[in-house]
Amino acid sequence: MHQLNKFYLLLLLAVISAGTIFTFQVIKTRKITITPSVTPLLSEGYFEIPLENNDPVLGNPGAPLTIVLFNDFSCSDCKVKYNEISKFTREHPQDVRLFTKDIPHKNLFYKINDLPHRSAYCAGKQSRYWQYVDVLNTQKNIFTESDLTKIAENLKINKVNWWQCVNSDEATQKIARTVALAASLGVEQAPIVYVNNKKINLENKIDIIEMLTKFIAK
């Protein structure tokens with residue numbers, strides 16, 4: 001009987017102890033204040049983004065607002081961003097200039113498919129870059145030689161010269177330089193947008209057109 005009373009006494013002490021610890025933790029938790037992390041819409045520092053002489057420019061070459069879009073033709077979100085930004089640029093041709101940089105998609109199982117990017121560069125050699133890219137960014141799964149050739153035909157591009165360019169070291173090295181540039185900036189996947197050498201934080205789910213409009217407001 002004595003042993004039984006001792007057991008119940010120890011059990012009671014254990015329950016009281018556990019309850020005390022639980023109550024203390026609840027009180028401690030209530031005192032914790034969480035300050036949400038606010039990521040700035042624009043990067044604090046500037047990024048050096050070199051532009052090459054043969055980079056096609058949409059808009060006014062001397063515009064005060066420079067937009068650089070790192071783009072991947074296999075990325076659905078990239079298509080959305082390109083269509084939004086190119087439309088904005090065309091609506092404000094004196095205030096904005098747009099450049100694109102190619103970063104073809106890659107993963108663990110497949111090689112980089114830079115054929116669409118090389119083909120767009122070579123369309124630019126015949127002054128059809130933006131028309132060609134417009135088509136690529138409004139259609140899905142345009143990656144084969146046959147698909148790309150149809151676009152070239154519709155845009156009245158000289159197919160022989162264009163295809164020779166697509167398979168040239170010049171086109172390959174052009175895309176390789178943009179991939180290397182992206183790596184040096186820490187860009188791993190598209191889309192990434194820079195405005196006057198500042199990176200826009202797209203994770204904030206901002207209205208990018210509203211932001212760009214404020215930049216050019218007189």
Side-chain angles (χ1 to χ4, degrees), residues 35-105 114 116-117 120-121 123-125 127-140 142 155 174-218:
T35 302
S37 176
V38 179
T39 304
L41 295 179
L42 290 174
S43 62
E44 295 181 358
Y46 287 89
F47 295 83
E48 185 65 30
I49 306 177
L51 301 173
E52 300 184 5
N53 291 332
N54 59 1
D55 283 345
V57 55
L58 181 65
N60 176 11
L65 189 68
T66 300
I67 304 173
V68 178
L69 168 65
F70 280 82
N71 190 45
D72 175 11
F73 294 126
S74 66
C75 158
S76 58
D77 195 25
C78 298
K79 295 179 188 296
V80 173
K81 289 294 182 292
Y82 171 82
N83 291 326
E84 289 179 342
I85 295 173
S86 63
K87 181 175 182 291
F88 175 81
T89 303
R90 289 181 171 108
E91 290 173 348
H92 304 87
Q94 296 305 311
D95 301 307
V96 184
R97 61 176 186 161
L98 170 65
F99 297 88
T100 62
K101 295 290 186 179
D102 299 299
I103 46 173
H105 176 72
D114 66 349
H117 298 272
Y121 167 73
K125 300 280 285 185
S127 302
R128 296 288 192 279
Y129 179 81
W130 296 105
Q131 298 95 318
Y132 192 92
V133 171
D134 283 345
V135 177
L136 285 178
N137 281 294
T138 54
Q139 300 185 33
K140 295 181 179 179
I142 304 291
L155 293 175
K174 174 67 175 181
I175 305 307
R177 287 195 299 273
T178 64
V179 171
L181 172 61
S184 71
L185 294 170
V187 175
E188 297 181 354
Q189 63 181 17
I192 297 293
V193 180
Y194 293 85
V195 175
N196 286 353
N197 292 331
K198 279 183 169 286
K199 181 181 177 181
I200 294 182
N201 178 25
L202 298 178
E203 294 180 359
N204 279 346
K205 304 300 180 183
I206 62 171
D207 184 332
I208 193 168
I209 300 306
E210 181 180 350
M211 171 183 280
L212 294 175
T213 301
K214 290 180 180 178
F215 287 148
I216 65 172
K218 298 297 189 291

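Side-chain atoms of K79 come within 3.5 Å of backbone N or O of F73 as a donor-acceptor pair. Looking at D55, its side chain never comes within 3.5 Å of a backbone N or O of L51 through a donor-acceptor pair. No donor-acceptor pair under 3.5 Å is formed between the side chain of R90 and the backbone N or O of G59. D95 contributes no side-chain N or O that, together with a main-chain N or O of I216, makes up a donor-acceptor pair within less than 3.5 Å.
Residues V187 and I192 come closest through the heavy atom pair CG1-CG1, 3.6 Å. For the pair P104 and I175, the tightest heavy-atom approach, listed with the atom from each and the gap, is CG-CG2, 3.8 Å. Of all non-hydrogen atoms in P56 and W130, the two that sit nearest each other are O-CZ2, 3.5 Å. Shortest non-hydrogen contact noted between T178 and I103 is O-CG2, 4.1 Å. When all heavy atoms are compared, the tightest approach of Y132 to P116 is CE2-O, 4.4 Å.
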- [ ] Evaluate the criterion side chain to side chain contact (heavy atoms under 4.5 Å, CB included) for residue pair I208 and I85; output intermediate values, then yes/no.
- [x] CA-CA 8 Å; I208 193 168; I85 295 173; 4.0 Å; yes
- [ ] Decide yes or no on side chain to side chain contact (heavy atoms under 4.5 Å, CB included) for F47 and V68, but give the supporting numbers first.
- [x] CA-CA 11 Å; F47 295 83; V68 178; over 6 Å; no
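Interatomic distance, N137 CG to E84 CD, rounded to the nearest 0.5 Å: 12.0 Å. Taken to the nearest 0.5 Å, the SG atom of C78 stands 12.5 Å off from the CG atom of L136. Between L98 atom CG and T66 atom OG1 the span is 10.0 Å, to the nearest 0.5 Å. Remark: D72 CG to D114 CG distance equals 11.0 Å, nearest 0.5 Å. One distance of note links CZ of R97 with CG of N60; it measures 8.5 Å at 0.5 Å rounding. Note that the CZ atom of R177 and the CD atom of E52 stand 4.0 Å from one another [nearest 0.5 Å].
Put simply, the side chain of P50 reaches to within 4.5 Å of the side chain of L181, judged on heavy atoms. Residues T100 and V133 have side chains not in contact (no heavy-atom distance under 4.5 Å, counting atoms from C-beta outward). The shortest distance between side-chain heavy atoms of F99 and L58 does not fall below 4.5 Å.
The ring of F88 has its center closer than 6.0 angstrom to the ring center of H92.
In this structure, Y194 has no side-chain hydrogen bond (donor to acceptor under 3.5 Å, both in side chains) partners at least two apart in sequence or on a different chain. Take D77 and apply the salt bridge (Lys or Arg N to Asp or Glu O under 4.0 Å) test, not counting sequence neighbours, and it matches K81.
The environment of CZ in F215 is crowded: more than 12 heavy-atom neighbours from other residues, nucleotides or ligands sit within 6.0 Å. At most 12 heavy atoms of other shown residues, nucleotides or ligands fall within 6.0 angstrom of atom CD in Q189.
Side-chain atoms of K125 and N54 include no donor-acceptor pair closer than 3.5 Å. Between the side chains of D102 and Y121, no donor-acceptor pair is found at a separation under 3.5 Å.
Between D207 and K214 there is no salt bridge, since none of the side-chain N atoms of the basic residue sits less than 4.0 Å from a carboxylate O of the acidic one.
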